[in-house]
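Presented below is the structure to which this report refers.
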Amino acid sequence: MSNLALQEKFIDDKNFRNQYITKTEVLNKVKALTLLPDNEHMTAKMVANYYDVDEKTINQVILRNKQELIDSGLKLMTGNELKEAKKGFLQDVENIKWIFKLNVLPRRAILNIGMLLRDSKVAQEVRTYLLNVEEGATKELKSAAARFTGTWTPKEELILMDIVYKELGNGGTISNAAILAAEKVNHSSSACLQRFNNNLRPLITDERILTVIENNKRIKGKVVSLHNQTETSENSVELSKQIDKLFNNQLQQLDAMKKKIDLLNDEKKQLIEQVNELTLKNKEIEYDVNLKDFMLADKDQQIALIRESHEKEINSIKAESERIIAHLKTYKRKYRALEEVFNGQMRTERNKKTEEQKQKKGTAFTIQNGVPVFK
């Protein structure tokens, strides 16, 4: 079965994935894991960074394969458990303060996701590496996966070169040396052979060693070693000196690299301190912002309460005003009615007096000189 077909089988077949679920050591071979402070788990965001995909993609994979990932150790932390974790191994995680639920994944679940991601190059490398380290993998698959065998250290290169020289000196071949080296370094024999041919062989300047290599390649089954050649003892000593010189140069390079690594580590520590300071400042700023937001939210709530209280008072005043206006209208109607009655009575009185005056006008008289005079 081809590598491509096996890659698809990882994605489609749960039973096939289960055969490899314990091989979590391949994760660090492909790419360095950055775990939480408990050195056991990752968040979904950290898993997304590891596989070079969006966090949304990881969440979709979790949603589609929830039970399988729970079986692999996925855990959704909420409530008091998450609160306690924030005080413990999650306390240095950025933007964790306002999160109320969080997925954490152990190595098995991280590897499980790598078997399910289709479009991640890192996940493809993980699956290819799984096939490469499997004892039953074909030669073609191992060859295809050789480039994913991790980073070579100078020490591993020195071990490989030493074994190659010894094997050639004892009449062996580079292929045999690669097999022997694979037992001492954390790489397959095909990776050792490839590393030597692509990276280490160009460093060899001794023509006699190159001749042995070429002869071993041309004469199958008939190994030509350094001992088979007619060399004088003086040449053997010179060859040994050149080998020692080559190793010394590589050791010097190794020392120089170690010094550079130490300098980089110092710079890394300084950068980490700066990052921690910036993170602390960022948290302080975030706290201030959240406090201001809280205060503003509280002010808005108070304003809303005051506005609601005022609206109630205004509505009460409006209702009282409407009641008073209604009473006034009633009083006006009653006043007008009384006024009409009063005016009617006054008219009646006036008419009565007028009639009385009219009646008295013809009968009123005075006696003047013994004679009545009518008014």
Side-chain angles (χ1 to χ4, degrees), residues 11 14 17 21 24 26-28 30-123 126 268-304:
I11 296 170
K14 180 180 177 181
R17 292 194 293 271
I21 195 63
T24 57
V26 304
L27 294 170
N28 266 320
V30 175
K31 184 178 178 181
L33 283 174
T34 303
L35 297 167
L36 290 168
D38 66 349
N39 201 33
E40 293 293 335
H41 296 88
M42 277 185 171
T43 64
K45 184 176 182 180
M46 294 168 72
V47 175
N49 291 336
Y50 177 81
Y51 286 113
D52 292 333
V53 295
D54 294 332
E55 185 178 359
K56 183 179 178 181
T57 302
I58 299 298
N59 289 331
Q60 289 174 348
V61 173
I62 292 174
L63 185 63
R64 289 195 300 265
N65 306 274
K66 188 173 182 179
Q67 188 55 53
E68 180 180 348
L69 291 169
I70 288 175
D71 294 339
S72 296
L74 169 70
K75 189 173 185 180
L76 178 62
M77 302 184 70
T78 58
N80 290 332
E81 183 181 18
L82 180 57
K83 187 176 180 180
E84 292 300 320
K86 287 179 181 179
K87 297 177 183 178
F89 70 94
L90 293 178
Q91 63 180 341
D92 294 329
V93 178
E94 293 183 2
N95 302 322
I96 195 70
K97 185 176 181 180
W98 304 107
I99 292 176
F100 301 104
K101 60 179 180 178
L102 182 70
N103 281 314
V104 291
L105 303 93
R107 288 180 174 86
R108 282 171 65 106
I110 298 166
L111 177 61
N112 203 340
I113 286 180
M115 298 180 193
L116 292 164
L117 280 171
R118 186 181 299 275
D119 299 325
S120 166
K121 291 184 179 180
V122 178
V126 167
K268 180 182 177 182
K269 289 179 180 178
Q270 294 177 0
L271 288 172
I272 290 173
E273 290 177 357
Q274 293 176 2
V275 168
N276 290 335
E277 290 178 1
L278 291 173
T279 302
L280 183 60
K281 289 181 180 178
N282 184 51
K283 287 182 178 179
E284 291 175 352
I285 293 171
E286 183 182 354
Y287 175 78
D288 291 339
V289 170
N290 291 329
L291 182 60
K292 288 179 181 178
D293 290 341
F294 177 77
M295 293 176 66
L296 288 173
D298 188 54
K299 286 182 179 178
D300 292 340
Q301 187 176 8
Q302 291 178 3
I303 291 170

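No experiment lies behind these values; they were computed from the predicted model shown.
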### Task
Kindly give the heavy-atom pair with the smallest separation between M46 and T34, and that separation in Å.
CE-O, 2.8 Å
### Task
Answer whether the closest heavy-atom distance between the side chains of R107 and L111 falls below 4.5 Å.
no
### Query
Got more than 12 heavy atoms from elsewhere within 6.0 Å of NZ, K75?
no
### Task
Please determine, by modelled atom types, if N80 and E84 share a side-chain donor-acceptor pair under 3.5 angstrom.
no
## Note on the structure
Closest non-hydrogen contact found for I21 with T24 is O-CG2, 3.8 Å
### Message
Quick check: closest heavy atoms across G114 and A123, and the distance to 0.1 Å?
### Response
O-CB, 3.4 Å
### Task
Rounded to the nearest 0.5 Å, what's the gap from CG on N103 to NZ on K45? Could you check?
14.5 Å
### Query
Below 4.5 Å, heavy atoms only, C-beta onward: do T57 and Y51 meet side chain to side chain?
no
### Task
For a side-chain contact (heavy atoms from CB on, under 4.5 Å) with L74, tell me which candidate from I113, N65, L105, N112 qualifies.
L105
### Query
Between G73 and P106, what is the shortest heavy-atom contact and its length?
O-CD, 3.2 Å
### Summary
OG1 (T43) and CD (E55) are apart, to the nearest 0.5 Å, by 7.0 Å
### Query
Would you say the side-chain atoms of K121 pair up with the backbone N or O of D52, donor to acceptor, closer than 3.5 Å?
no
### Task
Find the distance between CG (L69) and CG (L63) and round it off to the nearest 0.5 Å.
10.5 Å
### Query
Going from CG on L117 to CD1 on I58, what distance comes out if it is rounded to the nearest 0.5 angstrom?
4.5 Å
### CG-NE2 distance between L35 and H41, expressed to the nearest 0.5 angstrom
9.5 Å
### Separation between CE of M42 and CG of N49, rounded to the nearest 0.5 Å
8.5 Å
